[in-house]
Amino acid sequence: MRRHQVAIIGAGPSGLLLGALLHKAGIDAVILERRSRDHVLSRIRAGVLEMGTVGLLHQAGVGARLEREGLVHEGFSLNFNGHGLRIDLADLTGGKTVTVYGQTEVTRDLMVHRDEIGAATIHEADDVGLEGFDGDAPRVSYTKDGQRHEIACDFIAGCDGFHGVSRASVPERALSTFERVYPFGWLGVLADVPPCSHELIYAGHDRGFALCSMRSLTRSRYYIQCSLEDRVENWSDQAFWDELRRRLDPAAAEAVVTGPSIEKSIAPLRSFVAEPLRFGRLFLVGDAAHIVPPTGAKGLNLAVGDVHYLSEALIEFFAEGSRAGIDDYSRRALMRIWQAERFSWSLTTLLHRFDTMTAFERRMQEAEFAYLAGSRNMRAGLAENYVGLPY
Ligand code: RFL
Ligand code: PHB
């Protein structure tokens, strides 16, 4: 039987970054991924990185391209029924910023790094099974090319996303889950056209939410709130551009450059937390343990926060034999997770159209937006959360 110190399930950003940080500390980790490398790289997801995330990527030795190509943003716009408001992140947070750099690029950089250091990633590993994590000798089994394999390890890191096998392997009675499913989704379009604004625009509108984002100065990423019954096939590019423009203020709508979509997908919106994050020698990390609606750009950044805490804890264990970090991992990570859950839920609630909304609730959205516009303290709170709370 093969043996590694850590078996990481999932080669998304959490698993890959954890692998890189452990490798740097001389800890040997294998990654098992259900999908092919190309499939993992084809998923268009997050685009906004907190400074802490950028710092950890540098620490892992994968910051060079991000440094060259990432777009540093000092603010963004909030629009509400035609009224605009700039959130000056740098001014409100004492100089903090965010970096626009696609999750796909982060993942690609981490994969290339893994090749360079010669660390093991097993792609297309089917039927991954987790065993013995409640004792001292955990094992991970999987099928590859029709053959069953088994790996012995000291710890298992479940970095396999919301639908992964790690959380599902924990007995139900050991888990508490908390969830809100929102009654709408986001329809996203990626297109090789220049962005309509040099900063992101989050827009709340009577017809529903819209977001103008980007991947570079020549590639735009736009989203509009859609119904859960909507299907991508029912949205022509033209229909998407028309609806987007209707939800933006006239200047932004005018500035939208249209072109053929190179990706179009619908994502449902959900808030979810599973507690705790540790079960003996198994840890849950990233989307395997929690989901936030994308409105606050927190999902990937939150996953990276977990990786920060867990990598520190494992390094402490292997270097000093101390269990303090692993014993405290769940508590430390959950404190930050619940803050991001609160922020993402509140921004989602402020900016989306809910069909069940009463006139009172609509007025509450308007009052909250007016408070933001009039109060620097309120804006500072928003900015502090958007750039990312400290680890
Ligand atoms: P991932 O990325 O889902 O990776 C999990 C990996 O595990 C594999 N896997 C398995 N492997 C082996 N055996 C199994 N049984 C397995 N089951 C699954 C999967 O194939 C996959 O490769 O989780 P991870 O690494 O925790 O990363 C989390 C982030 O991907 C996620 O939080 C963000 O994408 C969320 N998100 C955003 N986050 C931000 O911080 N900023 C943003 O601007 C932002 N925008 C977004 C987003 C997510 C979106 N969607 C589609 C959900 C925008 C969208 C539209
Ligand atoms: C993105 O660019 O995909 C993006 C940006 C900000 C968000 C969500 C998604 O809040």
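Whatever order the structure lists ligands and atoms in, that order sets their numbers, starting from 1.
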Quiz item: Would you say the side chains of His4 and Arg2 form a donor-acceptor pair under 3.5 Å?
Solution: yes
Quiz item: Is there at least one pair of N or O atoms, one from Asp287 and one from ligand 1, spaced under 3.5 Å apart?
Solution: yes
Self-check item: Closest non-hydrogen atom pair, Met51 against Thr97
Solution: CG-O, 3.4 Å
Quiz item: Would you say the side chains of Gln225 and His205 form a donor-acceptor pair under 3.5 Å?
Solution: no
Quiz prompt | Donor + acceptor pair across side chains of Thr121, Arg114 (<3.5 Å) | solution = yes
Quiz item: Taking the six-membered ring for Trp, are the ring centroids of Tyr223 and Phe209 within less than 6.0 Å of each other?
Solution: no
Quiz prompt | atom 34 (O) of ligand 1: the protein heavy-atom neighbour that sits closest, reported with distance to 0.1 Å | solution = Gln103 OE1, 2.6 Å
Quiz item: Which protein residues have a heavy atom closer than 4.0 Å to any atom of ligand 2, listed by chain and number?
Solution: Arg45, Gly47, Val48, Trp186, Leu200, Tyr202, Leu211, Ser213, Arg215, Arg221, Tyr223, Pro294, Thr295, Ala297
Practice problem: Mark the output for Gly47 as yes if a heavy-atom distance to ligand 1 is under 4.0 Å, and as no if none is. | Solution: yes
Quiz item: Does a side-chain N-to-carboxylate-O contact under 4.0 Å join Arg332 and Asp327?
Solution: no
Quiz prompt | Sub-3.5 Å N/O-N/O distance, Arg221 and ligand 1 | solution = no
Practice problem: Determine whether any heavy atom of Phe162 lies closer than 4.0 Å to an atom of ligand 1. | Solution: no
Exercise. Examine the side chains of Ser220 and Arg215 and answer whether a donor and an acceptor come within less than 3.5 Å of each other.
Key: no
Quiz item: Under 3.5 Å, N or O to N or O, is Gly15 touching ligand 1 that way?
Solution: no
Quiz item: Is there a heavy atom of His39 sitting under 4.0 angstrom from any atom of ligand 1?
Solution: no
Quiz item: Do any N/O atoms on Arg43 end up under 3.5 angstrom from N/O atoms on ligand 1?
Solution: yes
Quiz item: Short N/O distance, under 3.5 Å, between Arg35 and ligand 1?
Solution: no
Quiz item: Does one side chain, of His290 or Trp338, offer a donor that lies under 3.5 Å from an acceptor on the other?
Solution: no
Exercise. Determine whether the side chain, the backbone, both or neither of Cys159 has a heavy atom under 4.0 Å from any heavy atom of ligand 1.
Key: backbone
Quiz item: Which of the atoms in ligand 1, numbered in the order shown and given with their element, are less than 4.0 Å from a heavy-atom of Ile9?
Solution: 12 (C), 13 (N)
Quiz prompt | Short N or O distance, Ala297 and ligand 1, threshold 3.5 Å exclusive | solution = yes
Quiz item: If you measure from the Lys or Arg side-chain nitrogens to the Asp or Glu carboxylate oxygens, is any gap between Arg86 and Glu199 under 4.0 Å?
Solution: yes
